[in-house]
Amino acid sequence: MFIKHNFTSESELKMILDNIYSQSQKGKSFNGILEAVLNEVTIITAIHNIKSNKGANTPGIDGEKMDKYLQMDKDRLISLIRKKVNNYKPKPVRRHYIKKSNGKMRPLGIPSILDRIIQECLRIIIEPIAEAKFYPKSYGFRPYRATKHAIKDITTIISSRWKQPPAVAIEGDIKGYFDSICHRKLLKKLWKIGIHDKRILAIIKAMLKAGYMENDTLYDTETGTVQGGIISPLLANIYLNDFDWMVGRMYHYTKRRKSSNIATDRTRLRNEGIIPKFLVRFADDWIILTSTIKEATRLLKYLKKYFKHRLKLELSEEKTLITDMTENMAKFLGFMIKAELPRKTPENPNPSTIVGKSYPDMERVKTKVRQISSELKQIRFTGKNSYLQATIIENINAKIIGLSEYIKPSICSAAFAYIDNAINKLLHPLKYSLARNTGNIKFLYVSLPTDNKGI
DNA sequence: CACTTCAATAC
RNA sequence: UUUGUAUUGAAGUG
């Protein structure tokens, strides 16, 4: 279908986007996308969306900052963007390396501000098309979805009364995912997902092929989508969407599923010899739950080939693991997942059905606590400067709350006790105290010293 | 009550 | 020192 593109207000744009989503969900494809992308309202909202991004003042290769475009006359800016997009030649991205948590370096590609604006214009229109066709159990980079939903999904799958629970996990790790995406295959998938506008595909292709500048030398980008590009997360999800549904069709979304009653369906599938398989994905991190080691091994062998030939991606030999969660824990998104009998309760003194449980990954918690502790020690060197002390404490509070909120959805009492203990030990000699909220969940919070309460 | 802006954290 | 999403906190407008 043709996308309406004569909208004149932001609310009208929102309605059109809602409509695109529901049409796309019905399997429709779209053309005339470029006109909607270059509508004045789209351009203005794109700038509005990204103007206060953290990197708005960090320029790309051309040295221009966001201010320049914010100060520019509106009509001039719009015609500038339209002119640029016509026969689009995006600037190469600026290379910058940042440290990852594991010590390795991550190559960022920083597009010029104008290219970022254009990417956001595209994202606004394309996102609802893709979003409607995405696999429901893909959680990374998607609106209204977070890691806790992915974890919850896994534990409920294990817990939902099975004859033979899917307690064997294939933990998948894709080597250098963003940087390995095959341009040709990605463009095919964009078409397949419903983007039937050749001009849009040409623009995206130009973005992918923009190249990068490092030490005044221009390098080609023959694979990958730049980490730092506004549409990159969306493209990354589109690239793995076929994989998601391929695994999904093996069991959860199989065409053999007929009954609305899950239990009868399950029995029938079992009688047909179909073994449960559930994929949960978060960006490049994925896990498949199945019932036996044998089936997991068989599937993994197939998936390695699938990734290599169908996606031109490689699975990490060391980090792609098969785990029997009744014996060992699987790691996913900073959590440890276990399949075990539930705790004994008066109502259920002899539990027999296995349930899925998630715990914080204590190794990660410990390294986070070490980081926080070293910052906490800085307070000693502030002397009597209470303003400086308050700043440090505010900052540490933010970190403790951030960590607590993240691990809260799992079984976290042991982790909280650990954090509590570690921080308290440091606080005692510093004569600070630890506040604790009164709710049912214990969580840690370094309180401001009483004489600093007013700041 | 609903909406906006600005910090920070996690992946 | 980028991008995306989620979360928490603060401030403001009607």
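In what follows, chains are A, B, ... by sequence order, proteins preceding strands, each numbered from 1. Because only heavy atoms are used, hydrogens play no part in the values below, and waters and symmetry mates are left out as well, while side chains stay in.
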*Integer-rounded Å distance: rU2(C) P and E64(A) CD*: 18 Å
*Within 45° of the six-membered ring axis of Y359(A) and under 6.0 Å from that ring's centre, is NZ or CZ of K338(A) located there?*
yes
*Specify the separation, in whole Å, of atom CD1 of I181(A) and atom P of rU3(C).*
18 Å
*Residue mapping more 5' on RNA chain C - nearest nucleotide basis, R123(A) or R94(A)*: R94(A)
_Given the ring of Y239(A), does K189(A) sit roughly above its face, with NZ or CZ under 6.0 Å from the centre of the six-membered ring and within 45° of the axis?_
yes
*asked:* Rounded to whole Å, please give me the gap between CE in M105(A) and C1' in rU2(C).
replied: 14 Å
*5' to 3' on DNA chain B, which nucleotides open and close the contacts with chain A (atom under 4.0 Å from a heavy atom)?*
dT5(B) to dC11(B)
*RNA chain C: Y97(A) or P233(A), which has the more 5' nearest nucleotide?*
Y97(A)
*Whole angstrom value for the distance that separates P of rG4(C) from CD1 of I124(A)*: 11 Å
*Whole angstrom is fine here: how far is it from CD1 in I407(A) over to P in rA6(C)?*
21 Å
_Need one value for I230(A): base, sugar-phosphate or nothing, where a base atom within 4.0 Å counts as base even if backbone is also close, heavy atoms only._
sugar-phosphate
*Measure up the F141(A) and F282(A) rings against each other and bin them: parallel (under 30°), tilted (30 to 60°), perpendicular (over 60°).*
tilted
*asked:* Whether H96(A) contacts rU2(C) is assessed here as follows: a side-chain N or O lying under 4.0 Å from the phosphate OP1 or OP2. Is that the case?
replied: no
*Have a look at F141(A) and say if it touches a base, only the backbone sugar-phosphate, or nothing, with a 4.0 Å heavy-atom cut-off.*
base
*Taking S159(A) for its side chain and T155(A) for its backbone only, find out whether a donor-acceptor pair lies under 3.5 Å.*
yes
*asked:* Any base atoms under 4.0 Å from R95(A), or only sugar-phosphate, or nothing? Heavy atoms, all strands.
replied: nothing
*Residues S358(A) and S410(A): side-chain donor-acceptor under 3.5 angstrom*: no
*Can you check side chain to side chain contact (heavy atoms under 4.5 Å, CB included) on V93(A) and I110(A), steps first, answer last?*
CA-CA 5 Å; V93(A) 295; I110(A) 302 163; 5.6 Å; no
_For the backbone of W191(A) and the side chain of H196(A), can you confirm whether one donor and one acceptor N or O come within less than 3.5 Å of each other?_
yes
*Separation of rU1(C) P from L108(A) CG (nearest whole Å)*: 9 Å
_Categorize R106(A) for me: base, sugar-phosphate, or nothing, with a 4.0 angstrom heavy-atom threshold over every strand shown._
nothing
*Could you label the plane-to-plane angle of the W286(A) and F307(A) rings as parallel, tilted or perpendicular, counting under 30° as parallel and over 60° as perpendicular?*
parallel
*With heavy atoms under 4.0 Å as the rule, sort G334(A) into base, sugar-phosphate or nothing.*
nothing
*Could you go through the side-chain hydrogen bond (donor to acceptor under 3.5 Å, both in side chains) check for T367(A) and E363(A) one step at a time?*
CA-CA 6 Å; T367(A) 50; E363(A) 290 307 309; over 6 Å; no
*Just checking T58(A): base, sugar-phosphate only, or nothing, at a heavy-atom cut-off of under 4.0 Å?*
sugar-phosphate
*Could you tell me whether N53(A) contacts a base, only the sugar-phosphate backbone, or nothing, with contacts defined as non-hydrogen atoms closer than 4.0 Å?*
sugar-phosphate
*asked:* Would you say D115(A) and Y88(A) are linked by a side-chain donor-acceptor pair, where the criterion is simply a distance under 3.5 Å?
replied: yes
*When Watson-Crick pairs (N1 to N3 and N6-O4 or O6-N4) and G-U wobble pairs (N1-O2 and O6-N3) count only below 3.5 Å on both distances, what is the dot-bracket string of RNA chain C, with | for other-strand pairs?*
...|||||||||||
*OP1 or OP2 of rU3(C) sitting under 4.0 Å from any side-chain N/O of R116(A)?*
yes
*Atom CD1 of I110(A) to atom C1' of rG4(C): distance rounded to whole Å?*
15 Å
*Across the strands shown, which category fits Y139(A) at heavy-atom distances under 4.0 angstrom: base, sugar-phosphate, nothing?*
nothing
*CG of L114(A) versus C1' of rU2(C): gap in Å, rounded?*
17 Å
